[in-house]
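Treat the numbers as computed from the prediction; the structure is a model and nothing was measured. As a basis for the values below, the full set of heavy atoms in this structure was taken, side chains included, without hydrogen atoms, waters or symmetry mates.
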Amino acid sequence: MSSNPVAETVASLMPGAQAELAELVAFRSVADFDQYPRSESEGAANWVADALRAEGFQDVALLDTPDGTQSVYGFLPGPEGAKTVLLYAHYDVQPPLDEAAWTTPPFELTERDGRWYGRGAADCKGGFIMHLLALRALKANGGVPVGVKVIVEGSEEQGTGGLERYAEQHPELLTADTIVIGDVGNFRLGLPTVTSTLRGMTLVRVQIDTLEGNLHSGQFGGAAPDALGALIRVLDSLRAEDGSTTIDGLTGDARWEGLQYEEEAFRKDAKVLDGVELIGSGTVADRIWARPAVTVLGIDCPPVVGATPSVQAGARALVSLRVPPGVDAVEASKLLQAHLEARTPWGARVSTEQIGQGQPFRADTSSPAYTAMAEAMAVAYPGEEMQSAGQGGSIPLCNTLASLYPHAEILLIGLSEPQAQIHAVNESVSPDELERLSVTEALFLQKYAAS
């Protein structure tokens, strides 16, 4: 990286950042208190609050949100008349899945092959460390030129909407001129990227019942309606022969204009097995950023081990639908539920229940904040220009903030590039990426303040 004073300061802070991230990763802060102790999340929240106090933040508070978790807030005043920037991250993490499958323990930050491994290292505890590094670098080089609000969520991965509802109840709390969401990632390692769109999501549970109780498949099979078989047919109807999502009444032919995702690169990033085809039509970018995508997340049915020769009386599934920008998630959810109910065969009883939802998001990339971000990225990533990409995932809070603060500019950056393998085993963060994005954020705040 160049000899920019901000870059030099961030480089000097990296050993301490590694130690801090190790402390934060050690908290098993999964916001599912049936699986992990609430004390782990509370410990992480207090760690974040203490870190903000140490940086001189005022009004630091643990906010009790309606879903039973805590978000951490703090405010760092800027010069008189300065703009205010809200920085977002979350300290809660996905469960580690199979801990035995990790090469090193998931809650022990471990350096290996030039990366730091641990659950939350990239998504999104590393995002909070990124914010700290940027602010520290500014303090060492003339001071922080804007007012800064920080909000660190405690249940983003659960999708239970605690912070969204809290923000709606206290709309004055997070008001800002610009919002930086530090919870996405570069398109690929070393390519500076802002995320300009997010797909929304709806979760629907479908239950199918056919019999009062299970029946012997030899005595009744062939005439008795099998609820599991009916469910399989319904779920199969959600996809065309090529794997494209097909929900009655929901269009799926939008195109992505801009940065493209080459198929071979996608196959490598997604670790698709040799000989297995990708699904859907159009470009990869069309499929993952511009079009709806249905996924069956789970099915309640007998496991293979211990299964008996029975016709199943009931079965249910949890279905996720990713909703692209330009499509209303509420309407998409209604169409999904109507499709499931209409496609259920044999007169079987079917019920559907929506259990989660978030709207898609599209940013205004022509704003002054994006110009400042592009200039900052050009310094932090010499020889590279800022790219604008989509993101297939959802951050429902973005839409809440856009609705509450329609004049605020919202930018999405972060550490979750493909090699980070967020939500999977062996999640990791690139320290080089952490360093460059911390420099980016610091320079952005300087340039934005002067714009």
Side-chain angles (χ1 to χ4, degrees), residues 1-11 14 17 85 87-89 114-115 121-124 126-131 133-135 137-138 178-198 256-262 265-266 269 285 288-289 361-393 395 398 409-420 422 428-451:
M1 198 176 296
S2 69
S3 58
N4 181 287
V6 167
E8 292 176 350
T9 301
V10 172
M14 288 302 293
V85 177
L87 305 179
Y88 168 90
R115 297 184 69 93
D123 182 27
C124 180
F128 177 63
I129 300 299
M130 175 183 75
H131 295 327
L133 288 173
L135 295 174
L138 289 173
T178 282
I179 300 166
V180 179
I181 305 288
D183 191 26
V184 289
N186 286 341
F187 178 69
R188 60 173 170 78
L189 189 66
L191 182 66
T193 310
V194 291
T195 297
S196 58
T197 67
L198 296 168
W256 175 264
E257 303 295 337
L259 182 67
Q260 293 296 314
Y261 205 152
E262 296 301 323
F266 179 82
D269 290 342
I288 64 173
W289 298 336
F361 171 80
R362 188 190 304 276
D364 175 11
T365 57
S366 64
S367 68
Y370 274 84
T371 300
M373 183 62 76
E375 294 172 352
M377 285 183 162
V379 176
Y381 291 83
E384 299 284 359
E385 292 186 3
M386 182 183 80
Q387 302 293 320
S388 178
Q391 170 66 261
I395 306 177
C398 281
E409 303 173 64
I410 300 179
L411 301 96
L412 297 101
I413 62 173
L415 303 167
S416 299
E417 40 78 27
Q419 293 182 41
I422 64 170
S428 66
V429 68
S430 162
D432 290 340
E433 202 83 303
L434 173 59
E435 182 176 342
R436 290 181 186 275
L437 282 168
S438 300
V439 172
T440 294
E441 186 166 274
L443 295 177
F444 161 74
L445 293 175
Q446 285 183 334
K447 295 175 183 296
Y448 178 64
S451 65

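- The distance from atom CE of Met130 to atom SG of Cys124, rounded to the nearest 0.5 Å, is 7.0 Å.
- For Ala265, the side chain to side chain contact (heavy atoms under 4.5 Å, CB included) partners are Tyr261, Glu262, not counting sequence neighbours.
- Take Thr365 and apply the side chain to side chain donor-acceptor pair (under 3.5 Å) test, not counting sequence neighbours, and it matches no residue.
- The shortest heavy-atom contact between Arg115 and Ser428 is NE-OG, 2.7 Å.
- Heavy atoms only, all atoms of each residue included: Gly414 and Leu437 are closest at O-CD1, 2.9 Å.
- The distance from atom CE of Met14 to atom CG of Asp432, rounded to the nearest 0.5 Å, is 7.5 Å.
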Check against side chain to side chain contact (heavy atoms under 4.5 Å, CB included), Leu415 and Leu434 | CA-CA 7 Å; Leu415 303 167; Leu434 173 59; 4.0 Å; yes
Might you work through the side chain to side chain contact (heavy atoms under 4.5 Å, CB included) test for Ile179 and Val85, ending with a clear yes or no?
-> CA-CA 6 Å; Ile179 300 166; Val85 177; over 6 Å; no
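- The shortest side-chain heavy-atom distance between Leu135 and Leu445 falls under the 4.5 Å cut-off.
- Sorted by first and then second residue, the side chain to side chain donor-acceptor pair (under 3.5 Å) pairs with a member in residues 437-447 read His131-Glu441; sequence neighbours excluded.
- By the 4.5 Å heavy-atom criterion applied to side chains, Met386 and Met373 are counted as neighbours.
- Counting heavy atoms from C-beta outward, Ile181 and Thr195 have side chains that stay 4.5 Å or more apart.
- How far CD of Gln391 is from SG of Cys398: 10.5 Å, rounded to the nearest 0.5 Å.
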Which atom pairs, one a donor and one an acceptor, fall under 3.5 Å between side chains of residues 184-194 and the rest of the protein, sequence neighbours left out?
| unit_1 | atom_1 | unit_2 | atom_2 | d |
| --- | --- | --- | --- | --- |
| Asn186 | OD1 | Thr193 | N | 3.0 |
| Asn186 | ND2 | Leu191 | O | 3.4 |
| Asn186 | ND2 | Tyr381 | OH | 3.1 |
| Asn186 | ND2 | Glu433 | OE2 | 3.1 |
| Thr193 | OG1 | Phe187 | N | 3.0 |
| Thr193 | OG1 | Leu191 | O | 2.8 |

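- Between Trp256 and Thr197, the closest side-chain pair of non-hydrogen atoms falls below 4.5 Å.
- A donor-acceptor contact closer than 3.5 angstrom links the side chains of Ser366 and Asp364.
- Rounding to the nearest 0.5 angstrom, the gap separating the OH atom in Tyr370 from the OG atom in Ser196 is 6.5 Å.
- Under the rule for a side chain to side chain contact (heavy atoms under 4.5 Å, CB included), the partners of Ala369 that lie at least two apart in sequence or sit in another chain are Thr178, Ser367, Glu409, Leu411, Phe444, Tyr448.
- For the pair Ala442 and Leu138, the tightest heavy-atom approach, listed with the atom from each and the gap, is O-CD2, 3.4 Å.
- Between Leu412 and Ile395, the closest side-chain pair of non-hydrogen atoms falls below 4.5 Å.
- In this structure, Leu443 and Ala376 approach most closely via the heavy-atom pair CB-CB, 3.8 Å.
- Contact record, Val439 with Ala380: CG1-CB, 4.0 Å, taken as the closest heavy-atom pair.
- Nearest heavy atoms, Trp289 versus Leu259: CZ3-O, 3.3 Å.
- Partners of Gln260 by side chain to side chain donor-acceptor pair (under 3.5 Å), not counting sequence neighbours, listed by chain and number: Thr283.
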